[in-house]
Amino acid sequence: MPASARQRCHPVLAGLVTLATAAVVSLAAPGSAAAADTWTETGSDHARALDESQGLTSVEVPANSPNRYTGIGTIPLAVSSRGWNHVGDPDASYNGYYIEPYQQDSGNSKMYRVQAPDGTWSEYVHALSPGEALNNSWDAISPDGQWMLSGEWGTMNRLLVFPTPGVNPATSPSANLPQVSRVNLDHAVRDVQGCDFSGPTTLLCSSDDPDGSLFGLTKPLLQIDLSAPPNGSGDVTGHVTALRQLPLRSSCSGTFEVEGIDYDRRTGILRVIVMSPGFCVLTDSKTYKFSRG
């Protein structure tokens, strides 16, 4: 199905409103990026199908805030009734702004729903740039808070850069949220479902790639090392490394769906949602935990 129409929901959810090798595959010029990290699985939690099936993020402000999740069951009726019927993988800035990415079945825009530290919500709509896909799978806020990355479904050689809605003073709910630059990737990625910054110039991304031809493994955890911190004045490049296949374990056989990702800088814990095939989406879907080393 074309990227502009595809909805990232597990088939069973529509009715409800092999751990592989850890080989590192790097496909870019030698010496062009920092050394790739190794991530070891340390545990897992059950991922609920209705409200923990699309994305997740850790929240630093206010202090002691719980982790937040998205799923078909977390979309407010007032939002879905206006056509924003899919929510992707969210992120939160270090100073407490929480941002959810939304898409609709058709049209020429995507939306980012922002909750400020005082609890108030606002919506920022982005009119698609020429050639931009309609889907809106994830957002990732830069460590300085000023820039937000987002990606497109399918096989892509770029990530999109926006001023962070609600944080960057150049943004307003009453004005179009513009794309200001790009991250040009040195190797194609496919079906990226989430990214999160683990440092000023390092992204960790979860890919739902079912094919395996890009890196020699399906459903990979990716690391993208940027040539410079993202900004609104010019493009940067990104060196892509496939670190490992994400866990694919279930009582049911069939197609797994890799979803959102979160890195918590306070604990060093990386978490990735993997939804199980068929009926097992309800019973043994997991949020897997990883640590470096």
Side-chain angles (χ1 to χ4, degrees), residues 3-4 25-37 88-89 91 93-94 97 99 101 103 108-112 124-172 175-207 209 214-215 220-243 261 263:
S4 60
V25 181
S26 181
L27 297 175
S32 62
D37 288 325
D89 184 41
D91 199 13
S93 66
Y94 297 159
Y97 283 81
I99 303 178
Q103 71 185 65
N108 60 0
S109 62
K110 54 188 66 171
M111 188 264 282
Y112 298 89
Y124 294 75
V125 176
H126 163 67
L128 300 184
S129 303
E132 181 181 349
L134 179 64
N135 77 288
N136 196 15
S137 296
W138 58 273
D139 62 67
I141 303 170
S142 63
D144 66 6
Q146 294 301 303
W147 309 103
M148 180 183 71
L149 274 57
S150 189
E152 301 159 281
W153 186 253
T155 304
M156 293 289 166
N157 289 286
R158 67 179 187 179
L159 307 177
L160 308 179
V161 182
F162 303 87
T164 305
V167 181
N168 191 303
T171 64
S172 169
N176 176 60
L177 181 68
Q179 177 195 334
V180 292
S181 61
R182 309 194 316 181
V183 175
N184 295 311
L185 304 176
D186 66 359
H187 190 273
V189 297
R190 183 180 292 124
D191 300 350
V192 172
Q193 291 279 58
C195 290
D196 204 1
F197 279 90
S198 61
T201 58
T202 303
L203 288 165
L204 295 169
C205 302
S206 52
S207 167
D209 180 3
L214 292 178
F215 299 102
L221 172 66
L222 304 175
Q223 179 174 314
I224 301 177
D225 293 292
L226 308 181
S227 58
N231 60 69
S233 60
D235 295 352
V236 300
T237 60
H239 172 81
V240 183
T241 305
L243 301 179
I261 191 170
Y263 174 75

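These numbers come from the heavy atoms of this one structure, side chains and all, not from hydrogens, waters or symmetry mates.
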Would Ile99 and Met148 count as a side chain to side chain contact (heavy atoms under 4.5 Å, CB included) if you check the C-alpha gap in whole Å, the side-chain angles of each, and the deciding distance to 0.1 Å? CA-CA 10 Å; Ile99 303 178; Met148 180 183 71; 4.1 Å; yes
What's the shortest heavy-atom distance between Pro143 and Pro200, and which atoms? CG-CA, 3.8 Å
How long is the straight-line distance from CZ of Phe162 back to OG1 of Thr171, given to the nearest 0.5 Å? 12.5 Å
The test is side chain to side chain contact (heavy atoms under 4.5 Å, CB included); show your working for Tyr124 and Met111 and say whether it passes. CA-CA 6 Å; Tyr124 294 75; Met111 188 264 282; over 6 Å; no
Under the 3.5 angstrom rule, does the side chain of Ser142 hit a backbone N or O of Pro230 as a donor-acceptor pair? no
Find the distance between CG (Leu222) and OG1 (Thr241) and round it off to the nearest 0.5 Å. 8.5 Å
Determine whether Leu214 and His187 make a side-chain contact, defined as any pair of heavy atoms from C-beta on separated by less than 4.5 Å. yes
Interatomic distance, Arg182 atom CZ to Asp235 atom CG [nearest 0.5 angstrom]: 6.0 Å
Are the side chain of His126 and the backbone of Lys110 linked by a donor-acceptor contact shorter than 3.5 Å? no
Under 3.5 Å, is there a donor on one side chain and an acceptor on the other for Asp209 and Ser207? no
Thr237 and Val183: side chain to side chain contact (heavy atoms under 4.5 Å, CB included), yes or no, with the steps? CA-CA 5 Å; Thr237 60; Val183 175; over 6 Å; no
Verify, without hydrogens or angle tests, whether Thr164 (side chain) and Trp147 (backbone) share a donor-acceptor contact under 3.5 angstrom. yes
Measure across Val180 and Pro163 and return the closest heavy-atom pair with its distance rounded to 0.1 Å. CG1-CD, 3.7 Å
Using modelled atom types only, decide if a donor and an acceptor are shared between the side chain of Asp139 and the backbone of Asp91 within a distance under 3.5 Å. yes
If only side-chain N and O atoms count, and only distance matters, is there a donor-acceptor pair under 3.5 Å linking Gln223 with His239? no
Heavy-atom closest pair, residues Asn136 and Pro101: ND2-CB, 3.4 Å
Distance check, rounded to the nearest 0.5 Å: Leu149 atom CG versus Ile141 atom CD1? 10.5 Å
Are Gln146 and Val167 close enough, and set up right, to give a side chain to side chain contact (heavy atoms under 4.5 Å, CB included), and what steps lead you there? CA-CA 6 Å; Gln146 294 301 303; Val167 181; 3.8 Å; yes
Looking at Asp186 and Val240, would you say the former's side chain and the latter's main chain have a donor-acceptor pair under 3.5 Å? yes
State whether a side-chain donor-acceptor pair under 3.5 Å links Gln179 with Ser129. yes
Interatomic spacing from OG1 in Thr202 to OH in Tyr263 - rounded to 0.5 Å: 10.0 Å
Mind checking whether Ser150 and Tyr112 have side chains closer than 4.5 Å, heavy atoms only? yes
Is there side-chain contact between Asn184 and Asn157, with heavy atoms separated by less than 4.5 Å? no
So, taking the atom named OH in Tyr94 and the one named CZ in Phe197, what distance separates them when rounded to the nearest 0.5 Å? 8.5 Å
Scanning both residues in full, the closest heavy-atom pair of Cys205 with Ile224 reads SG-CD1, 3.8 Å
Hey, is the main chain of Glu152 close enough, under 3.5 Å, to the side chain of Asn135 for a donor-acceptor pair? no
How far apart are the closest heavy atoms of Gln193 and Asp89, and which atoms are they? O-CB, 3.5 Å
Kindly give the heavy-atom pair with the smallest separation between Ser137 and Gln103, and that separation in Å. N-OE1, 4.4 Å
